[in-house]
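Worksheet: the structure to be examined is printed underneath.
Throughout, numbering of the chain's residues begins at 1 and tracks the sequence.
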Amino acid sequence: MINELTPKEIVIELDRFIIGQKEAKKAVAIALRNRWRHQQLEDNLKDEIYPKNLLMIGPTGVGKTEISRRLSKLAKAPFIKVEATKFTEVGYVGRDVEQIIRDLLEASILLIKKEVKKTLYQQAKIEAENYVLTCIAGEDARETTLESFRKKLRDGLLDEKEIEIEILEKSNPLSMIDIPGNSGNSMGVMNLSDIFGKSLGGLKKKKKIKVSESHGILIDQELEKLIDEDVITKEARNRVERSGIVFIDEIDKVCTNNSSRGAEVSREGVQRDLLPLLEGTTVSTKHGSINTDHILFICSGAFHVSKPSDLLPELQGRLPIRVQLNALKKEEFESILTDTDNSLTKQYTALLQTEGIDLSFKHCGIDKIAQLAEEVNLSVENIGARRLHTILEKVLEDVSFNGPDLEDKTVEVTAKFVEKNIGNLTKARDLKKYVL
């Protein structure tokens, strides 16, 4: 399911959450629009055109992961993020890279289930309501009696009444068996409920519960009854193959230019294992085979020590689109604090509002925080927008700690307020690298 957004509209949507990085946004917008264009083609040509995978280059905290995540939400596409280094952790062989596709399929199943549950919610709600009415009035109750109780139920007059319902326990420890000698692999644990059906997946037990507390439980159970698992799985496979997005982070950490030979062999092995996925292969999963030909792969790395040309030539060839993401400056930090949807200032204001604290950020205070973020990133280590979290936590530490006991519940974050709470630390260079 690809939304019919134009590249310009995609960039506008991304601008709501990510500041700057116009080139990266432009590249992913084109990639997403090409997905839609691909689906309009005739079958004989469709099979010949493959997605152009991307390589994002830039320091941490500048928006590489967030751009990819927001893109997948716009496309309503299955998305998974993995670190390339994960596949070097178990010695020479490492983890099975095909697990990426299996995890992507599981993410797709959850995504589609969520969508289906939204469409079936009202039906499930009525079924749950009927179940409660049967518990209260009995199975042989007349229609007029049921309607009388239904009105009381919807008005909340029966919320405190206790009823006995059947609850399906989803977690059954006996349904999982570990296969010896196969640990670390996705097939190392066998789920017997997948083999013998739902009967092994849970046990029914009766429980007395208030009507008000039963709503969520009963609706969830009714939704599970209404969902057709086979249809869900089939659609999940199709969506993974047509519109799946895989974000592989830390790809620069598996380059082979500056390590001992043993580590180089392992890292080069990871690249060679990833290559078939990017080229297009078929991966076996417990839900059926998945073809990776049309999955979009977005790789990213800081490339501080290594450079993209240190990747295997074959892998470079599968990442034809490359975009450079720039380090954030003071102006970007200010925009991140104020212009994005659910910005950090809005988040902290809402959090402290729960204590009755009226927190407001003045322009001079935001300017000071942005200035400090830029200075510390330049002098210590550039961690991008994540630096704002460390600074804001320190600035508001006393307010957060003393919040419930404050007499004056009005707090203004000005430049003087920031200096008072954090100014001295930024001047102490030895402390700064540990504190901020």
Side-chain angles (χ1 to χ4, degrees), residues 1-18 21 24-41 43 46 49-54 56 63-82 100-124 220 223-224 226-249 277-278 280 283 285 287-288 290-300 321 340-342:
M1 182 186 296
I2 302 291
N3 286 349
E4 299 178 14
L5 293 173
T6 65
K8 286 183 180 179
E9 289 171 339
I10 294 167
V11 170
I12 290 170
E13 283 297 312
L14 292 175
D15 283 342
R16 293 173 52 206
F17 306 98
I18 303 141
Q21 314 305 356
K25 290 175 184 173
K26 186 177 178 180
V28 298
I30 293 170
L32 184 58
R33 183 63 176 182
N34 280 339
R35 281 287 183 86
W36 178 83
R37 292 165 179 157
H38 180 265
Q39 291 184 11
Q40 313 310 309
L41 298 174
D43 290 343
K46 189 184 291 187
I49 299 177
Y50 300 102
K52 307 299 186 293
N53 299 318
L54 288 87
M56 292 186 178
K64 300 189 296 293
T65 305
E66 191 63 16
I67 286 173
S68 303
R69 199 187 307 278
R70 294 291 177 183
L71 186 74
S72 69
K73 286 187 178 180
L74 280 177
K76 297 182 180 177
F79 173 82
I80 188 171
K81 177 195 172 186
V82 295
I100 295 172
I101 306 302
R102 298 186 186 109
D103 291 344
L104 182 64
L105 179 56
E106 293 297 332
S108 182
I109 290 171
L110 289 175
L111 177 69
I112 294 167
K113 270 190 176 180
K114 191 175 179 181
E115 292 174 2
V116 171
K117 282 182 177 180
K118 278 186 180 178
T119 62
L120 296 175
Y121 182 81
Q122 288 302 324
Q123 185 180 347
D220 284 344
L223 281 171
E224 288 298 326
L226 292 169
I227 286 174
D228 188 329
E229 295 287 348
D230 292 336
V231 173
I232 295 283
T233 303
K234 184 179 179 181
E235 175 59 24
R237 288 202 307 267
N238 289 338
R239 200 176 294 190
V240 165
E241 292 183 339
R242 292 197 319 265
S243 60
I245 299 175
V246 174
F247 182 80
I248 303 176
D249 202 5
L277 294 186
L278 273 69
V283 176
T285 76
H287 300 294
I290 297 293
N291 186 286
T292 69
D293 282 348
H294 298 285
I295 293 174
L296 177 65
F297 289 88
I298 302 176
C299 298
S300 86
I321 302 175
T340 56
D341 284 16
N342 301 320

Checklist line | side chain to side chain donor-acceptor pair (under 3.5 Å) involving R70 - partner list, sequence neighbours excluded | finding: E66
Check: K81: what forms a salt bridge (Lys or Arg N to Asp or Glu O under 4.0 Å) with it, not counting sequence neighbours?
Finding: E83, D249
Check: Out of R242, R35, H38, which one pairs with H294 under the side-chain contact (heavy atoms from CB on, under 4.5 Å) rule?
Finding: H38
Next item on the list: Quick one: do E224 and K117 satisfy salt bridge (charged side-chain N to carboxylate O under 4.0 Å, His left out)? Show the steps, please.
Entry: CA-CA 9 Å; E224 288 298 326; K117 282 182 177 180; 3.4 Å; yes
Check: Distance-only, no hydrogens or angles: does the K25 side chain make a donor-acceptor pair with backbone N or O of I18 under 3.5 Å?
Finding: yes
Notebook entry, point to check: Roughly how far, to the nearest 0.5 Å, is CD1 of I295 from CG of L278?
Noted result: 10.0 Å
Check: How close do K64 and S300 get, heavy atom to heavy atom, and via which atoms?
Finding: CE-OG, 3.6 Å
Check: Do V246 and L296 come within less than 4.5 Å of each other through their side chains, counting heavy atoms only?
Finding: no
Check: What are the two closest non-hydrogen atoms of L32 and A75, and how far apart are they?
Finding: CD1-CB, 3.4 Å
Notebook entry, point to check: Around K8, counting heavy atoms of other residues, nucleotides and ligands shown, do more than 12 lie under 6.0 Å from its NZ?
Noted result: no
Checklist line | Flag side-chain contact, heavy atom, 4.5 Å: I290 against E241 | finding: yes
Check: Is there a donor-acceptor pair under 3.5 Å between the side chain of R237 and the backbone N or O of H287?
Finding: yes
Note to self: For V116, give me all partners under side chain to side chain contact (heavy atoms under 4.5 Å, CB included), at least two apart in sequence or on another chain.
What the structure shows: I112, T119, L120, I227, I232
Next item on the list: May I ask you to decide whether R102 forms a salt bridge with E106, counting only side-chain N to carboxylate O separations under 4.0 Å?
Entry: no
Check: Is E115 salt-bridged to R239, going by a charged N under 4.0 Å from an acidic O?
Finding: yes
Notebook entry, point to check: Short question: side chain of N53, backbone of I298 - any donor-acceptor pair under 3.5 Å?
Noted result: no
Note to self: So, using salt bridge (Lys or Arg N to Asp or Glu O under 4.0 Å) as the criterion, who are the partners of E13 when residues are at least two apart?
What the structure shows: R16
Check: Does the S108 side chain pair with the main chain of L104, one donor and one acceptor, at a distance under 3.5 Å?
Finding: no
Notebook entry, point to check: Of the non-hydrogen atoms in V283 and T292, which two are nearest, and what is the gap between them?
Noted result: CG2-CG2, 4.1 Å
Next item on the list: Mind checking salt bridge (Lys or Arg N to Asp or Glu O under 4.0 Å) for R37 and listing every partner two or more places apart, or none if nothing turns up?
Entry: none
Check: Passes side chain to side chain contact (heavy atoms under 4.5 Å, CB included), L223 versus Q123? Steps please.
Finding: CA-CA 8 Å; L223 281 171; Q123 185 180 347; over 6 Å; no
Check: Would E9 and R33 pass as an ion pair if we require N to O under 4.0 Å?
Finding: no
Checklist line | Minimum heavy-atom distance D293-G280, with the two atoms named | finding: OD1-CA, 3.0 Å
Next item on the list: Sequence neighbours left out, what passes side chain to side chain contact (heavy atoms under 4.5 Å, CB included) with D228? Give chain and number order.
Entry: D230, V231
Notebook entry, point to check: If you take all heavy atoms of A31 and L54, which pair is closest and at what distance?
Noted result: CB-CD1, 4.0 Å
Item checked: Closest approach of I245 to A77 (non-hydrogen atoms, all atoms of both residues) -> CD1-CB, 4.3 Å
Next item on the list: Kindly determine whether F247 and I80 satisfy side chain to side chain contact (heavy atoms under 4.5 Å, CB included), including the steps that lead there.
Entry: CA-CA 6 Å; F247 182 80; I80 188 171; over 6 Å; no
